[in-house]
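Have a look at the structure below, then the notes.
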Amino acid sequence: MAIVAEQSRFSRIFWPTLAWITAIVVFFPIFWLVFTSFKTDADAVKPEFLFKFTPTLENYSNMVDNYDYWRFAGNSIITSVFATIFALVVGVPCAYAMAFDPTRATKDVLMWMLSTKMLPAAAVLYPMTFLTKNFLGIYDTKFLVIVVLMLVNLPIVIWMLFSYFKEIPKEIIEAGKMDGVDTWGEIKEILIPLAWGGIASTALLTFIFCWNEAYWTVRLTTTDAATLSSLIEGNRAPEGLFFGRLSAVSTAAIGPIVVLGWFCQKQLVRGLTFGAVK
Amino acid sequence: INAAELTIAIVNNGHMINMQKVAEAYTAETGVELNWVSLEEGVLREQVTSDTATGGGQYDVINIGMQEAPIWGAAGWIEPLEFGADYDIEDMLSPIRNGLSHNGTLYAAPFYGESSMVMYRKDLTDAAGVTISDSDNWNNIKAAAAAIHNPDDGVYGVCLRGKPGWGDNMAFITTVVNSFGGAWFDKDMRPTIDSDEWRAAINFYVDLLGTYGPPGSEGNSFNEILALYNEGKCGMWIDATIAASFLEVDGVAYAQSPHAGNPVGANWLWAWAMAVPAGSPNADEAKKFIEWATSKDYVLAVANHPDFGWGSVPTGTRVSTYAHQEFLAAAPFAEAEMMALQSAAPEATEVKPYVGVQFAAIPEFPQVGSAVAQEMAAALSGAKSVDEALAASQAAADAIMSEAGYY
Amino acid sequence: MSKRTLPRLLQTPAVLLLLVWMLVPLSITLYFSFIRYVLASLNRPEWTTPSITNWRGLGNYIFVWNNDGFWLAIYNSVFIVTSIIVLTVVLGLATAILVNRSFPGRGIVRVLLISPFFVMPAVNAVLWINMILDPVLGLQGIAVSGINEFSENMRSAPLIGWFFSLWPELTPISFRASQTSAIAVIMMVTWQWTPFAVLIFMTSLQSEDQQQKEAAILDGAGKWAMFRFLTLPHLARPMSIVVMIQAIFHLSLYAEIEIVSRGNGNKNLPYLIGEMATNNIGAASATGIFAVILANIFAIFLLRMISKSLME
Amino acid sequence: MGSIKLKNVTKSFGDTEVIPPLNLDIEEGEFVVFVGPSGCGKSTLLRLIAGLENTTSGEVIIDGEDVTEVTPSKRGLAMVFQTYALYPHMTVRKNIAFPLRMSGMDPAEIDKRVAAASTSLNLNDYLDRKPGQLSGGQRQRVAIGRAIVRDPLAFLFDEPLSNLDAALRVGMRLEISEMHKQMGTTMIYVTHDQVEAMTMADKIVVLQSGRIEQVGSPLELYNSPCNTFVAGFIGSPKMNLLSGKAAEKYNAHTIGVRPEHLSISDVKGDWEGVVGVSEHLGSDTFVHVHFDGSSEPLTVRADGDLELEYGAKVYLTPDLKKLHRFDENGRAFKL
Amino acid sequence: MGSIKLKNVTKSFGDTEVIPPLNLDIEEGEFVVFVGPSGCGKSTLLRLIAGLENTTSGEVIIDGEDVTEVTPSKRGLAMVFQTYALYPHMTVRKNIAFPLRMSGMDPAEIDKRVAAASTSLNLNDYLDRKPGQLSGGQRQRVAIGRAIVRDPLAFLFDEPLSNLDAALRVGMRLEISEMHKQMGTTMIYVTHDQVEAMTMADKIVVLQSGRIEQVGSPLELYNSPCNTFVAGFIGSPKMNLLSGKAAEKYNAHTIGVRPEHLSISDVKGDWEGVVGVSEHLGSDTFVHVHFDGSSEPLTVRADGDLELEYGAKVYLTPDLKKLHRFDENGRAFKL
Ligand SMILES: Nc1ncnc2c1ncn2[C@@H]1O[C@H](COP(=O)(O)OP(=O)(O)OP(=O)(O)O)[C@@H](O)[C@H]1O
Ligand SMILES: Nc1ncnc2c1ncn2[C@@H]1O[C@H](COP(=O)(O)OP(=O)(O)OP(=O)(O)O)[C@@H](O)[C@H]1O
Ligand SMILES: [Mg+2]
Ligand SMILES: [Mg+2]
């Protein structure tokens, strides 16, 4: 082993131990949340039942029976999936053109796109409500949620895709041109298969951001299109502190996404850092 | 076929959640489908406001409070309600009815109502050798709190609201201010928060809660204190009468709210009510539903529901509820609650030119209330002195009120 | 068709969509910011419909500008964002270095470390403020009273009792107070976003050039010198990206502010706008325009920072 | 077929003109090498021919037909890139078949052609591997295979060997030459390595800053470079160029002598110098001699077994018949 | 000073032994080149000397002192890496100064030394640039500068030129040779390019699979390679190796003839063949002749102006005095 990588006996034991402790500490709140979701509300606040209690699924069955969990979850899935798909459909051609036919304006356009994400949502909430309700009549439709989720995430999608595409050697696209493919063929035969990993991780991250988006989804929906964020809003400050119930709802809302995140964490990095970190 | 479908926005507290189940019977009977949207209070208010103000018609029935009802009625955002004879509107507690009306017209039907009262642990006061009586003097309350305060054993003398919010800490603080003879605005609607009454009241509140309250009181509101109380950590709690139905601790006794010379407004008055937004396309069905949900029958329906019972019926709206022996048996606090409710006085008076006990039924109040609420929380946690907080509150309130064109 | 047309065409949908998404609401907000517009008013009913006859010029802006809360909100916005960024970068760096070596179970450690990043913001806030930080019922409260009780009991123990009698009685900290609520927000968001920094720094550390390190060893550089002169500069670019993305996300924090203390002590611009929008849409819109300006100042700073490394 | 003509072609990127007006004729079946220092516009020129860049002005004519506005794939040319530009997600077989598939050829016919190409390139064992599993030389072969199957009018190579190591490079350049001899198709080959240019080309085009300095066969360029740039560029080791006093003696502003045209002696000669580094290649020795008349040491090619001490005094004599003379503008002239 | 001795050094990565027991003496002031095919352990050996790898067994002795357990920076060696390994965010000046700074030298003294090094390496104009703004050759110079300033006992170079293009490579290798001549410091230089090895080394160490095949001066290796591996590796173009019938005639299992020791004629000769590709370098022509006795074409070095037609019939005659004979194990033997 090269001496750069060499470690003393002390560091072979000490640092991994510290790493494990850090990981456990960092993960603890999530563990605690899941753990608490199996306690009754009463047990949840009693120190004597901190770790010793009779686990119960009551909170979950209550959530499914009384709070229509599946409707919210279904909406979350539908809106997140379609928003992700549409964002990709709009984003891939745009990022493709930017990466392979850059003009002098490309950089500025990208910057501008990203800067749209910095606009405070609260500043335009009222006009948005007004527009969608009174002019467009699409308030509280999955369509609206999908469109908004797509728009909110589009800058990030384009940025991520752009950085993945930039990693594809220009020559490969040119080789394709010489070999007789048209633009659509370039995208279908070369770009998509080549950047598949990048596109997939962009999709995953977009899906996660869509799933976790709360401001717009809560405020632009009532019933038909309400997502899990709304379920959380409806439960986050109930009468009395129902830690058990709250934990169950929260666990059910974040569970799928955290697990999904575990699977795609590695690919996320390249995209999130716009290829600047390899 | 009756294809009507109603979308109902409710605040996410117990009685409302229960209603979702009880109303299954209503759907079975009438064929009206009910879609429930349950939201946290603040978000609900934001949602319903923007929907109603834009004439959006997203909701057919909305939960609104006593603060909004008269304003929205005046603005024409919600429909006037008139019910049949069976509804027996005279059965409704009149302070509640008055608070939900504008110019004598009812705009929202109360689902449950509440006032405030003292809930204390008689076992502790007895042990400490102190007593608390109805409409007691604040100083006596403070003495009692001091006597039962024992943080080493995890018991705090008094638990009071401290979490900022016009419906949270300000609800309670306003009753204290009232009881010290103060009010939000003078007859020109100029804020009077820098008055001596406020100063005395706030000093007292901060001193009482700061000395004998649990740590982190500036984060506590109803929910938090309820949990604390049920954990046996509070010797005394002054809050919504509805709390009594959730108490699981033994030996609780009730008393009417204390005051410092002015008993008027020392206990608040609040109701969550149901109204029909002006834009609703199903206004008739909506009104029918409200009629049912706020009727005497509904009370019986809850009482007879297999999942619930007399302990879970919505209280504070109808006199008739308090006539049921089963209810009185299930609710030891009923009598005190009734008394508190009936003594509440929301009407505008000489002292206060606005409707509402612990709030002012004007559109600007939520903004004023939140601003002041945060200053009060800051005073409570010691981030500011009481005088600084009051001065800042006065300035903020003054800015909002003059901005709103009152003067 | 000229060769330039097609690329333009491909970009059009995205550009148009974002343009509409940005411009339409923004121009409405701009319009509202120059008129009197309230949702409800008992004494000035004419203000309740948005109309050019209620033109107010810069009145809303002046009202907002003279409002102490506005300046406090700007201060909080900046304070919260910068604190989170500094903390996540420092903690993320430390953790990334810690995990950037192979040891048994490294995969699991990574999974555990990354998890908070995927938690919904509202759940994050609820979880922390209620179940962990609550001074009485949360883990903090339970731990503090547990420790107090323990030291209390130990005080009477023989031999070591004197040691415990020196212990002060701990008082739990309230994280909803004006003084601490911003800290609570910073804490929970830092918890959520440190994994993000870890993830990026970890990847970047792995791409560190081993030969550079070997050269440095031969040049006589010690561990610290290597970190200071090689690793840190190597991480400069990933750091700028971590800073930028976080600034984008944290300038619009809302749920955390609301849930922790309803803006008491931690009110930032978005929350202030939300509060004003309960009735005074004109003032809320003016504040919104200010917020847009602030965001753009940030944007210019940040985008400058990374734009150089972007196009090569 | 496969003659290519550039007529007054120019190319600018933004404001900078990379190719000033340029004319070039490439005959059918010729092996033409573009050579020149880095950044001189070789790739740009090749890409203009391929159609991957648009000309700023001028015409590109293939087989008499103006293709300036024709898309790359319709020009009937095949290109091999420096980085190979293989499709990493396709197997070797699919890579080679790709252009045929795009042209909608019958699958059976595709298979036949791919088999033929892969046999001639010794790729049969790797047909089902992905490019990532191949060595550099094998990848280069696949890239050539992909070009061959299309039966193009002409092949364009952009520094195809510069990513290979020395030994492989020699082998591959032989194979490409061999291929050209056998197929007889026009080939345009870009390199900045003059050895490649010399060994492979029928015709070398020497470029500098987008301008053509000289066009000719390798030996023409070697024997009569038209200016100092070409003289210094062609031939390895480089021609020794001297100006000043030493040159005046020969009635020129600058004179050039190739290392192989200098004879070395430790007794007498025209120029006296001091031995610097000697490079022993076995077959030859290159002696670097420091000489007052020149700032750079002169390189002399001597016998493989010559042993000279570092710092020893030696005398050099140029072969007068092989001397090159240049005027003050660097142009060659004969006496 | 700067003698280096390896005593029974071995190195294993996990279970695979990369360097079997190996002994090597390097004299003070020598320029030693390690050469061998890719993966043969050249870098590993160099890194063992530098201390960047720990030996599995055996001793590394520098100037008579056992440094096997001494940390790299204390061994007094400087190393130049193939990838240059410059510190990308420091200016050239800081890069060069870095080792001095780490040793806590006085800033004024550092400045002086950096100035001296940068002057001798022609880097004065670039001192304030970052490595990213330099060309490959300039970077390599900076890397050398960083090594020079420390005044090391010996320099270690790991393929320092392989990332440069042909022309630059020639120039840089001259500079390094010149530097060695002037400083007289021990240098160990790793390459897989035999031309570099031949031209630069005082002593070449030919490695294969971690074993030393032969050690000797360039001409020793060229003139008497001890086995077919060395014979094939040293010399450019490669020695022609023939076995079978053709070799038997010369009483050997395999015979080797260098291209420069074959004479070509269109009339008569020992071996009859067909002309393949001819590579015209101007100074020489390399003719590839296909011959029945050999699977590979034979390479012949001929005069620069020789013109032979592709496919023509020719005759080759080896120079008997320069013929190499090998037994069935590939070992050289003399008759
Ligand atoms: N897309 C472009 N935009 C701007 N300038 C360019 C572009 N492509 C090439 N150039 C410039 O045109 C000139 C010629 O570039 P070209 O790639 O043709 O050189 P080259 O001779 O192929 O060099 P090399 O041997 O390094 O490949 C260079 O100065 C280069 O900087
Ligand atoms: N860290 C390592 N772990 C395992 N095997 C290694 C390691 N480093 C080198 N090797 C192996 O040791 C052998 C010698 O490697 P080394 O890098 O010394 O070769 P080299 O002669 O320098 O080759 P090249 O010319 O390609 O640089 C190779 O087979 C290589 O795979
Ligand atoms: Mg090029
Ligand atoms: Mg190596």
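For the atom pair CG of C/L42 and NE2 of B/H102, the computed distance is 7.5 Å after rounding to the nearest 0.5 Å. Atoms NZ and CD, from B/K384 and C/Q179 in turn, are 11.0 Å apart once rounded to the nearest 0.5 Å. Annotation: the span from C/S41 atom OG to B/I71 atom CD1 amounts to 10.0 Å, rounded to 0.5 Å. Rounded to the nearest 0.5 angstrom, B/K163 NZ and C/N264 CG are separated by 11.0 Å.
Counting heavy-atom pairs closer than 4.5 Å to chain B, the top residue among C/A177, C/P135, C/G141 is C/A177. Of the listed residues (B/G165, B/G154, B/G405), the greatest number of heavy-atom pairs within a distance under 4.5 Å of chain C belongs to B/G405. The candidate from B/A383, B/P366, B/A74, B/P151 with the greatest count of non-hydrogen atom pairs under 4.5 Å with chain C is B/A383.
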Just distance, no hydrogens or angles: give the donor-acceptor pairs under 3.5 Å from side chains in residues 215-222 of chain B, sequence neighbours left out.
residue, atom, partner, partner atom, Å
B/S217, OG, B/P214, O, 3.0
B/E218, OE2, C/S174, OG, 2.5
B/S221, OG, B/D168, OD1, 2.5

Sequence neighbours left out, cut at 3.5 Å: what donor-acceptor pairs do the side chains of residues 227-235 of chain B make with other protein atoms?
residue, atom, partner, partner atom, Å
B/Y229, OH, B/M119, O, 3.3
B/N230, OD1, B/E248, N, 2.9
B/N230, ND2, B/F246, O, 3.4

Inset, instruction - Evaluate side chain to side chain contact (heavy atoms under 4.5 Å, CB included) for B/Q367 paired with C/E275, printing each intermediate quantity in order. - result: CA-CA 7 Å; B/Q367 219 186 326; C/E275 272 186 354; 5.6 Å; no
Inset, instruction - Applying side chain to side chain contact (heavy atoms under 4.5 Å, CB included), run through B/W166 and C/T278 and close with a yes or a no. - result: CA-CA 12 Å; B/W166 67 263; C/T278 55; over 6 Å; no
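For B/W77, the part sitting under 4.5 Å from any heavy atom of chain C is the side chain, from C-beta outward, and nothing else. In this structure, the portion of C/E258 lying under 4.5 Å from any heavy atom of chain B is its side chain and not its backbone. Looking at B/E364, the atoms closer than 4.5 Å to chain C (heavy atoms on both sides) sit in the backbone and in the side chain alike. Neither the backbone nor the side chain of B/A379 comes within less than 4.5 Å of any heavy atom of chain C.
Within residues 368-376 of chain B, the residues having any heavy atom closer than 4.5 Å to a heavy atom of chain C are B/S370, B/Q374, listed by residue number. Residues of residues 43-64 of chain C having a heavy atom under 4.5 Å from any heavy atom of chain B, listed by number: C/N43, C/R44, C/W47, C/R56, C/N60, C/F63.
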